[in-house]
Amino acid sequence: MKLPVYVTLLAESESTLARSYRQVADAHGDEPDIHFLCLTLAKQCENHRQKLDEVIERIGRAPADDEPERLHADAIEEPRSGPLGVLRDLQDLYLLASLTDVTWTVVKQAAEALVDHHLLDIVESCQKETAVQLRWLITRMKQAAPQALIAAK
C-alpha cells in the first residue's frame, strides 16, 4: 500500500505551507490583513499537520526509498518587499496551497476506496479549510494586482 507516501507528502506540504504563511506574515507586517490572516492560516495548517501525524502513526510513514522528497514544494525562502513583492508572495502561497489541496484530493480518493471513515473525516474538514485559503489568496491577489502592476513604480 502506497497511501503512506501521500499522507507523508501531505503532512510535509502542510508544514511547508505553515512556515511560508509565517514568513509572509513577518515580511508584510505593514499589510495588517495579510499579516494577521497569514498567522491564522499558519495555525490552521499546523492543526492539519497534527491530524495527519495521528494518521501516520496509524498507517505508517512512507519508507525513505519511496521518493516523497521528489514530490514536495519548498517553502518561501526569502519573502519579497513592496507591492510587487506582496503579489508574488501571495502567488507563491497560492501555489503551495494548490499542491496541498490536490494532495488532499488524492488522499480522499484512497480513503474512500478503503472506506476509512476516520481519514475521510480529517480530509473533508481540512480540505474545506484549504479551499477557503485558496479563495482568500485569489481575492487578495486580485486586490493587490492593480497597485502592484499599474500604480507601483
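Note that the structure is a prediction, hence the values are computed from the model and not measured. Position 1 is the first residue of the sequence; numbering continues from there.
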Would you name the heavy atoms of Gly60 and Pro4 that are closest together and state the gap between them? O-CB, 3.3 Å

Pro83 versus Gln147, closest heavy-atom pair with distance: CG-NE2, 3.9 Å

Please name the residue in the list Leu3, Ile59, Leu120 that meets the side-chain contact (heavy atoms from CB on, under 4.5 Å) test with Leu114. Leu3

Yes or no on side chain to side chain contact (heavy atoms under 4.5 Å, CB included) for Met141 and Arg88, after CA distance, side-chain angles and deciding distance? CA-CA 9 Å; Met141 284 187 288; Arg88 291 294 314 277; over 6 Å; no

Euclidean distance, [Y] [atom2] relative to [X] [atom1], rounded to 0.5 Å:
X	Y	atom1	atom2	answer
Glu129	Asn47	CD	CG	7.5 Å
Tyr21	Thr40	OH	OG1	11.0 Å
Ser20	Leu93	OG	CG	6.0 Å

Can you list everything that forms a salt bridge (charged side-chain N to carboxylate O under 4.0 Å, His left out) with [X]? Sequence neighbours excluded, please.
X	value
Arg140	Glu31, Asp33
Arg61	none
Asp101	none

Heavy-atom check, side chain of [X] versus side chain of [Y], under 4.5 Å:
X	Y	value
Arg135	Ile138	no
Thr100	Thr16	no
Leu99	Trp104	no
Leu10	Tyr6	no
Cys126	Lys51	yes
Lys43	Leu39	no
Val5	Leu9	no
Ser98	Leu134	yes

Is Arg58 salt-bridged to Asp116, going by a charged N under 4.0 Å from an acidic O? yes

Between Arg49 and Glu54, is the closest basic N to carboxylate O distance under 4.0 Å? no

Joint hydrophobic cluster, Met1 plus Val123, side-chain heavy atoms closer than 4.5 Å: yes

Should Val86 and Leu149 be regarded as members of a common hydrophobic cluster, given that ILVMFWY residues are connected when their side-chain heavy atoms come within less than 4.5 Å of each other, either directly or indirectly? yes

Only residue of Gln44, His48, Arg19 satisfying side-chain hydrogen bond (donor to acceptor under 3.5 Å, both in side chains) with Glu14 is His48

Chi angles and distances behind the side chain to side chain contact (heavy atoms under 4.5 Å, CB included) call for Leu90, Trp136: CA-CA 10 Å; Leu90 291 170; Trp136 174 74; 4.2 Å; yes

If only atom types and distance count, is the side chain of His35 paired as donor or acceptor with the main-chain N or O of His28 below 3.5 Å? no

Given side chain to side chain contact (heavy atoms under 4.5 Å, CB included), test Cys38 with Gln23 step by step and report yes or no. CA-CA 9 Å; Cys38 281; Gln23 289 172 316; over 6 Å; no

